[in-house]
Each structure stands twice: as structure tokens, then as C-alpha cells.
Number of protein chains: 2
Amino acid sequence: MNTIFKALNDETRREILELLRKSDLTAGEIAEHFNISKPSISHHLDLLKQADLVTSEKKGQFVVYSLNTTIVDDILKWLLTLKKQ
Amino acid sequence: MNTIFKALNDETRREILELLRKSDLTAGEIAEHFNISKPSISHHLDLLKQADLVTSEKKGQFVVYSLNTTIVDDILKWLLTLKKQ
DNA sequence: TATATATTTAGACAAATGTCTAAATAATAA
DNA sequence: TTATTATTTAGACATTTGTCTAAATATATA
């Protein structure tokens, strides 16, 4: 739970998730959307992976990232209990 | 959005929200639940207030805190769009 | 008024975070 | 093999964060 909230606590990482909602992207394609160095984006992707919010697959020299929405359910559940009663 | 995720990115603050789900509590009552100094708890409450996740009302020498679940809806909405398609 | 209780503010400090550049690793192409 | 492209790792650095103690503020009580 901690890892997920930590991963979501950054505007850049949340935007990455929004990009991946539309389609899978390579690390380079993701980096193109931001005014941030590639190593920094790589670090953001690592945190998203640690939270299991994204998955990655090596395809040749590229690494393709995908959104993993099943993890989002955990937060949804936690937030919904807050609203109960 | 940033303020809300920032507020949620801390175990102590999430536990405070869970406590307030059950009932309103004074700052002192909240502090009793943790092994953390009262000033630190006060600071956590301030961040939760900044995010509008809690409201506070002065009652005599006490300050009573309450959960504000309407803000939770904003995050729920954001998370649900991630899951669409 | 003087004292006690509840809470916040101020300021310090160590740890965590986001960013960068330079270098390393891995795969493709010449 | 050598050069090029894609990505990550390593290490540095400034900023933010969570915590503390001491002091300030506000209310209630003797």
C-alpha cells in the first residue's frame, strides 16, 4: 500500500500512467513526453514497476511498458472503505 | 490532486483517516493512538486539512477533527479513468 | 489573577526524493 | 568487429519531508 501511494505521489508518474492508459509505450517514447532526462524517467518507471502499477517487456533493444490496472483496485478498495458509514 | 496524493502518502496520515472514519476525534485523542509527538501529529493534521481530507472545529479548548469524504471522490474518479479501456 | 490543559508554531536536523551528468549494459546495423 | 541506438546504473546534489524539543497561544479552572 505504501509503495503504491508513494508511486502515485508524483505528477510525472501519474502522467506516465495516463499515457500508458492509451497505449503501451517504450521507455524512449515515454521520455519524449517530458522535459526530463531519460535517466530520471527510467527512475520513475522503476518506482512504478516496484508498485506493480506498470509491467515491462524487453523487445529487441527497446523496453515496452504497460499499465497494470489490477493494482489500482487495491487503492480503490481502501478509499471506498473510508467512505463507508 | 497533488495535495491529496501528498497527504495520502504517509502511513500515519492514512491511519488518522481510518480513525476518523469511525468517529470524530480531538487532536489529543488522535495523538494518543500514535507513538509520535503531539506537534508531529498536529503537522500531519495540517497536511490532511490542506488536502481538505479532514475538517476541524474548535470546541472550547479542544479541536475536533472530522473526515471529509467528498474529496476522496476526486481520487476515485482519477483512478477509475485509469481503468477505463 | 494565576495555574493547568490543549493545541499549534518555530526552528533544527536526519532521511528520503527528484533531478542531473557520466558511464555501463544490451541489442542492432554497418 | 566497430559504431550506433536504447535503456539503465552510479553517484552527486539541492529540495522536501517527518520527526523532535522548546516556546507560544488559547481556553478553562481554582
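Atom CG in B:Leu25 sits roughly 15 Å away from atom P in C:dA6 (whole-Å rounding).
When the nucleotides C:dT7, C:dC20, D:dT7 are ranked by their closest atom to the side chain of B:Ala27, C:dT7 comes out on top. Distances from the side chain of A:Thr26 to the nucleotides D:dT7, D:dT9, C:dC20 place D:dT7 closest. Of all nucleotides listed (D:dT19, D:dA10, C:dG18), D:dT19 comes nearest to the side chain of B:Ile36. Closest approach to the B:Pro39 side chain among D:dT7, D:dA22, C:dT17 is made by D:dA22 (side chain taken as heavy atoms from C-beta onward). Of the candidates D:dT8, C:dG18, D:dG18, C:dG18 carries the atom nearest the A:His43 side chain, counting heavy atoms from C-beta on.
OP1 or OP2 of C:dC20 lies within a sub-4.0 Å distance of a side-chain N or O belonging to A:Ser40. Residue A:Tyr65 places no side-chain N or O under 4.0 Å from the OP1 or OP2 atom of D:dA6.
Contact annotation for A:Leu47: backbone-only contact, meaning every heavy-atom pair under 4.0 Å involves sugar-phosphate atoms and none involves a base. B:Asp10 comes within contact range of the sugar-phosphate backbone alone, with a heavy-atom separation under 4.0 Å but no base atom that close.
For A:Lys58 and A:Lys38, each mapped to the nucleotide of DNA chain C holding its nearest heavy atom, the one lying further toward the 5' end belongs to A:Lys38.
Side-chain atoms of A:Gln61 stay outside donor-acceptor range of the base of C:dT28, with no qualifying N/O pair under 3.5 Å.
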